[in-house]
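Input: a single structure, listed below in structure tokens.
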Number of protein chains: 2
Amino acid sequence: MESLAALADLPQLDRRTLTDTAYAALADLLASGRLAPGDKLSLRRSAAAFGVSVMPVREAVSRLVAEGVLEVAPARIIRVPIMGAEAFWCLAETRIAVEGFAAARAADRRTEAELDTIRQVETAFRAEAESREPDRIRAVQLNRDLHFAIYGACGLPPLLEIIGRLWLKAGPVINLDLRACPERLHQGFALKRHAEARAAIEARDGPAAAAAIAADIRAAADFILSRGTLREEHGKD
Amino acid sequence: MESLAALADLPQLDRRTLTDTAYAALADLLASGRLAPGDKLSLRRSAAAFGVSVMPVREAVSRLVAEGVLEVAPARIIRVPIMGAEAFWCLAETRIAVEGFAAARAADRRTEAELDTIRQVETAFRAEAESREPDRIRAVQLNRDLHFAIYGACGLPPLLEIIGRLWLKAGPVINLDLRACPERLHQGFALKRHAEARAAIEARDGPAAAAAIAADIRAAADFILSRGTLREEHGKD
DNA sequence: GCTCGGGCGCTGTGATCACAGATCACTAGC
DNA sequence: GCTAGTGATCTGTGATCACAGCGCCCGAGC
């Protein structure tokens with residue numbers, strides 16, 4: 001072997017396939033709420049939009065369907081599921097349990113570096129939320145960053161994957177409402193809960209961190225349910 | 001519309017695609033441990049074995065890969081991941097948290113019918129485990145049935161999906177060990193924990209149910225880790 | 001004897017084609 | 001006028017082909 005000192009730290013040039021790219025694109029569309037519940041999706045059209053053949057899109061969609069993030073309606077139509085109030089509440093309860101646990105564990109195990117990141121993101125979110133003209137897109141992104149900064153400190157990769165999928169499922173519903181409402185109130189709540197969570201993690205107080213995250217999720221869910229946009233389960237559409 | 005009284009209760013003739021079938025087949029292979037960590041998988045060979053083209057197998061495998069149940073090695077080889085001790089322990093801790101919560105919730109909300117099912121399965125498992133010549137395949141299946149009978153009573157469909165995926169990830173490792181060991185000890189432990197869980201669910205004692213399930217998972221994980229089959233994380237294979 | 005090089009065969013990935021099912025609009029018939 | 005049938009056109013699903021990358025094995029050269 002000749003001198004590969006220079007080769008040692010090559011950035012492992014990413015082996016992203018088109019399928020992965022398509023998946024990431026769709027996931028982003030869902031997480032940011034640009035795809036709303038009930039929106040239909042066509043493989044061929046999406047493929048054309050991405051500028052690829054149907055194959056990669058097809059596999060990406062297949063994955064999303066398997067995760068329950070998308071669904072194929074009986075008429076062979078792909079769409080983002082329309083969640084009833086009950087289903088949404090089940091999802092919220094699951095999130096409260098899973099993300100609450102992750103937050104509690106993060107409080108116990110966080111390193112100083114992780115705590116620093118959490119502080120920074122929380123400050124950024126607060127600044128954005130309290131600004132005169134908050135950028136909703138950016139606020140949503142920062143909210144997500146903050147939550148995952150916290151969960152990332154739990155040290156359980158499998159749990160992180162689970163939470164990622166839960167956010168994908170909840171994303172469309174949450175962001176749909178968040179897109180068309182005053183949201184002042186909601187953001188006020190979020191700020192309070194986020195501060196509580198940060199403080200609890202600083203103090204290594206697991207239960208308090210779990211409670212803060214749970215309250216955050218519950219408040220958002222209650223807010224959305226109170227708007228009554230979600231249909232009860234009754235047949236189709 | 002003419003008389004569709006006779007049509008009203010048609011069993012909705014299942015719209016299973018070949019992809020779904022292939023997925024189910026692979027999932028079963030993984031859950032039952034017939035596919036061990038490190039085993040390689042070829043799309044074309046699998047397709048030939050199933051008697052279909054590569055397409056359905058390909059999508060099924062793609063889903064499994066997205067879930068982390070399978071992985072594609074850099075050499076473009078599909079295999080079931082080789083888990084290090086650390087990764088396995090992370091998985092176990094995640095399972096303890098998630099399944100423990102599900103069990104606790106099941107204890108609070110179980111109906112009489114669900115309790116009956118749990119009792120029946122537990123009895124069947126006990127009978128099989130205590131029989132002179134226990135059928136391992138059947139014991140594994142009954143163990144799985146019992147756990148899911150419990151979790152099914154939690155009333156949270158999203159949580160059930162999560163647990164299903166966790167079992168898929170843990171399946172190969174657990175069943176691999178279970179396939180080649182005396183296992184008497186392990187089964188004895190499982191019996192005790194299962195009885196505790198059943199009793200806690202009967203008494204609607206959530207924390208006790210969670211503790212019993214946690215102990216069950218922990219005991220199995222400790223047992224496997226103690227055998228030292230799992231490699232520590234050090235490069236590849 | 002050991003090592004390096006090149007061809008062969010396999011791999012997953014992507015594109016393209018073929019098909020059955022389902023929706024929709026239009027039209028013929030009561 | 002309204003309904004029922006029928007064809008066009010979309011849908012996802014499955015099969016087949018094309019390709020680039022990689023492992024492997026065998027043989028030539030030092």
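Remember, predicted model here, so these are calculated numbers, not experimental data. Worth knowing before you read on, the calculation uses all heavy atoms, side chains too, and leaves out hydrogens, waters and symmetry mates.
- For B/A25, the side chain to side chain contact (heavy atoms under 4.5 Å, CB included) criterion is met by B/F50, not counting sequence neighbours.
- Under 4.0 Å is where a charged nitrogen must lie from a carboxylate oxygen, and between A/R63 and A/D20 at least one such pair does.
- Residue A/L18 is in sugar-phosphate contact alone, with no base atom involved, counting any heavy-atom pair closer than 4.0 Å across all strands shown.
- Atom CG of A/L70 and atom P of D/dT11 are 16 Å apart (whole Å).
- In this structure A/R76 satisfies the salt bridge (charged side-chain N to carboxylate O under 4.0 Å, His left out) test with no other residue, sequence neighbours excluded.
- Qualifying side chain to side chain contact (heavy atoms under 4.5 Å, CB included) partners for A/A73, counting only residues two or more places apart in sequence or in other chains: A/I77, A/R79.
- At the phosphate of C/dG14, OP1 or OP2 sits under 4.0 Å from a side-chain N or O atom of A/T19.
- Per the geometry, CD1 belonging to B/I77 stands 18 Å off P belonging to C/dG9, to the nearest Å.
- Taking atom CD of A/E59 as the reference point, atom P of C/dG12 lies 12 Å away to the nearest angstrom.
- Spacing between atom OH of A/Y23 and atom P of C/dT13 amounts to 16 Å, rounded to whole angstrom units.
- Residue A/R16 contributes atom CZ, which lies 15 Å from atom C1' of C/dT13 at whole-angstrom precision.
- Atom CZ in B/R79 sits roughly 16 Å away from atom P in C/dT11 (whole-Å rounding).
- The base of C/dG14 has none of its N or O atoms less than 3.5 Å from a complementary donor or acceptor on the side chain of A/R58.
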Under 3.5 Å donor-acceptor pairs involving side-chain atoms of residues 97-105 of chain B, not counting sequence neighbours:
| residue | atom | partner | partner atom | Å |
| --- | --- | --- | --- | --- |
| B/E99 | OE1 | B/R95 | NH2 | 3.4 |
| B/E99 | OE1 | B/Y151 | OH | 2.5 |
| B/E99 | OE1 | B/W167 | NE1 | 3.3 |
| B/E99 | OE2 | B/R95 | NE | 2.7 |
| B/E99 | OE2 | B/W167 | NE1 | 3.1 |
| B/R105 | NH1 | B/C154 | O | 2.5 |
| B/R105 | NH2 | A/E93 | OE1 | 3.0 |
| B/R105 | NH2 | A/E93 | OE2 | 2.8 |

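- Residues from residues 38-55 of chain A that place a heavy atom under 4.0 Å from any atom of DNA chain C, listed by number: A/R44, A/S53, A/V54, A/M55.
- Listed by first and then second residue, the ring-ring contact (aromatic ring centres under 6.0 Å, His included) pairs that reach into residues 54-76 of chain B come to none, sequence neighbours excluded.
- A salt bridge links B/R58 with A/E59: the closest approach of a Lys/Arg side-chain nitrogen to an acidic carboxylate oxygen falls below 4.0 angstrom.
- Across C/dG12, C/dG14, D/dA15, the shortest atom-to-atom separation from the side chain of A/P56 is found for C/dG14.
- Rounded to an integer number of Å, the gap from CZ of A/R76 to C1' of C/dG21 is 5 Å.
- Spacing between atom CG of B/L64 and atom P of C/dG12 amounts to 14 Å, rounded to whole angstrom units.
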